[in-house]
Amino acid sequence: MSEKITGAEALVRALIAEDVDTVFGYPGGYIIPVYDRLYDYTDQLRHILVRHEQGATHAAQGYARVSGRTGVVIATSGPAATNLVTGLSDAMMDSTPMVVITGQAPAGMLGTDSFQETDVIGITQPVTKWSYQIRRAEDVPWAVARAFYIASTGRPGPVVLDFAKDAQTALLDWKYEKCRYIRSYHPYPAPDPDDLASVAAMIDASSRPMILAGHGVMISGAEKELAALAEKAGIPVAATLLGLSSIPSDHPLYKGMLGMHGNIGPNVNTNRADLLIAVGMRFDDRVTGDVAHYAPEARIVHIDIDASEFGKNVHTDATIHADAREALAALLPLVAEKSHPEWLAEFDRPERVERDAVMDVELHRTSGPMTMGEVVAAVSEATGHRGVLVTDVGQNQMMSARYFRYTDPRSIITSGGLGTMGFGLPAAIGAKLAAPERTVTFFTGDGGLQMTIQELGTIMQYGVGVKIILLNNDFLGNVRQWQELFFKSRFSQTPMVNPDFVKIASAYGISAERVSDRSELGAAVDRMLAHDGAYLLDVAIDPTDMVFPMTPAGAHVDDIMLSRTEKYQLK
């Protein structure tokens, strides 16, 4: 005999059937039936009450990126649903699996402009893999199963289920089956043997090859395969921002970060390589610079699970349409063992290593205000380079990515494609809840922190042990940098008058201290990491500190600024 339950209870049971253990959300009128059923399942499903719906999406992103699982968000209709759009857009651009459930007006009232009715499907379709409106209770199991399958397979991304209120209260016969197939949707194409053979021949014939490791390496869990291919064929590896931690920072073949604020060696040698092997990355403009002058000497191989990326931004000479892990594993036995000592030496030339980003100056200052780089390096060192780095967006993001060191995979959580200020604090909460055994260090600026500072309340309520390092320069620092370099130091609306962040943290029951002198930094970092629970370290930073090297927007990838007045001279 079938069991009759409400659509709301079917949703909760379906989440449990999909092995969900944590959801992030905020209740409201048109989602109350779901929250009422959650009340009876708290032993199986942990709900984290955020302080703003956008915070729920970023927390779910942090949770998903650290755990490799699908993040889940529940919110109500109208303004709650529209507050989710930034997080959906961020997850779409950064390929983060997420299922978002929104409440909606009863099906019979749709189109009447009823209270808090919004066209959620119309709004979210451009920034999701799939958006679907549940108008009948009997459609709940099918829709939830399909949502999780779409969100988590192929190139991952966000899915929205807009749940009419009467469908939440109506009855259905309960039965649930996970989705394992959708006609015309083929998320895992098998690598073509001819493509593999062609790429292997290109690798074997190359004398100056270079691997560009993107986010897809981490998504597919291909870190070991990436290292194995690099080691067998003697190929240097550089990473995009989201590809960081796909290979350990101390690996002899790892040569640094690509892009606007990347390392000198990888950027210069992009335009000297005769073969680029791009794995799970999309040739973003922040990586390529002026595409007309990008990698002029190289043939380009692109390995990606999303064929729409092939040829979208740069011309490709060969492609492998497959999951990164499967493609690299299939490619490995086909390539010859080789070494490229002269080519590797090009990445390690003293004038490149020593001048790379004025690192020696930043990390060995003995006087004057503190810099972002020295603070990041001190925290990374104190964690044994095994922490999870979460960043906000801006100078803090670029400095953290450059000076943090990575030992373990899935160790960087940052907003890449969308560049969302305010992303970091809720994302750090999600990351820590996903991996409570790991040290989660969140670097932020004073601007980004205040965009989602209300999530300190979530930390307080659930005792989430996030370590917050505020690189406080009383400016919107990244915009200030561009204003100084390109707008004649006209600092329009970038200076900030800030509150006492230590007092704010203390009001939320979070231990905090301010550090104004570098002589205090080491001990303060040790106190923060030793503290059992959340901690905020407010560090006074030189407001004129800048992120270098820098390839200006639209410039050639090897047109690199070393400082305000000096450019890298190609040799």
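Side-chain contact, Asn396 with Thr444: no donor N or O sits under 3.5 Å from an acceptor N or O. With hydrogens and angles left out, the side-chain atoms of Thr319 and His302 include no donor and acceptor closer than 3.5 Å. Asp274 and Ser207 form a side-chain donor-acceptor contact under 3.5 Å, judged by distance and modelled atom types alone. No side-chain N or O of Asp545 forms a donor-acceptor pair with one of Thr371 less than 3.5 Å apart. A side-chain donor-acceptor contact under 3.5 Å links Ser308 and Asp306. Counting only N and O atoms by type, the side chains of Ser411 and Ser245 include no donor and acceptor under 3.5 Å apart. The closest side-chain donor-acceptor pair between Glu455 and His58, if any, does not fall under 3.5 angstrom. For Arg155 and Ser95, the side-chain atoms include at least one donor-acceptor pair closer than 3.5 Å.
Results of the side-chain contact (heavy atoms from CB on, under 4.5 Å) test with Leu258 over Leu241, Asn267, Thr288 single out Asn267 as the only residue that passes. Checking each of Gln481, Met398, Arg564 against Met550 for a side-chain contact (heavy atoms from CB on, under 4.5 Å) leaves exactly one that passes, namely Gln481.
Every residue two or more places apart in sequence or in another chain was checked for a side-chain hydrogen bond (donor to acceptor under 3.5 Å, both in side chains) with Ser246, and none qualifies. By the side chain to side chain contact (heavy atoms under 4.5 Å, CB included) test, Thr22 pairs with Phe24, Arg46, Ile48, Tyr63, sequence neighbours left out.
Classification of Asp348 and Lys255 as a salt-bridged pair holds, one side-chain N sitting under 4.0 Å from a carboxylate O.
Listed for the Thr441 side chain is no donor-acceptor partner under 3.5 Å among the backbone atoms of Lys467.
Here the closest heavy-atom approach between residue Pro248 and residue Thr407 is recorded as CG-O, 3.9 Å. Across all non-hydrogen atoms, the minimal contact from Ile320 to Phe310 is O-CZ, 3.7 Å.
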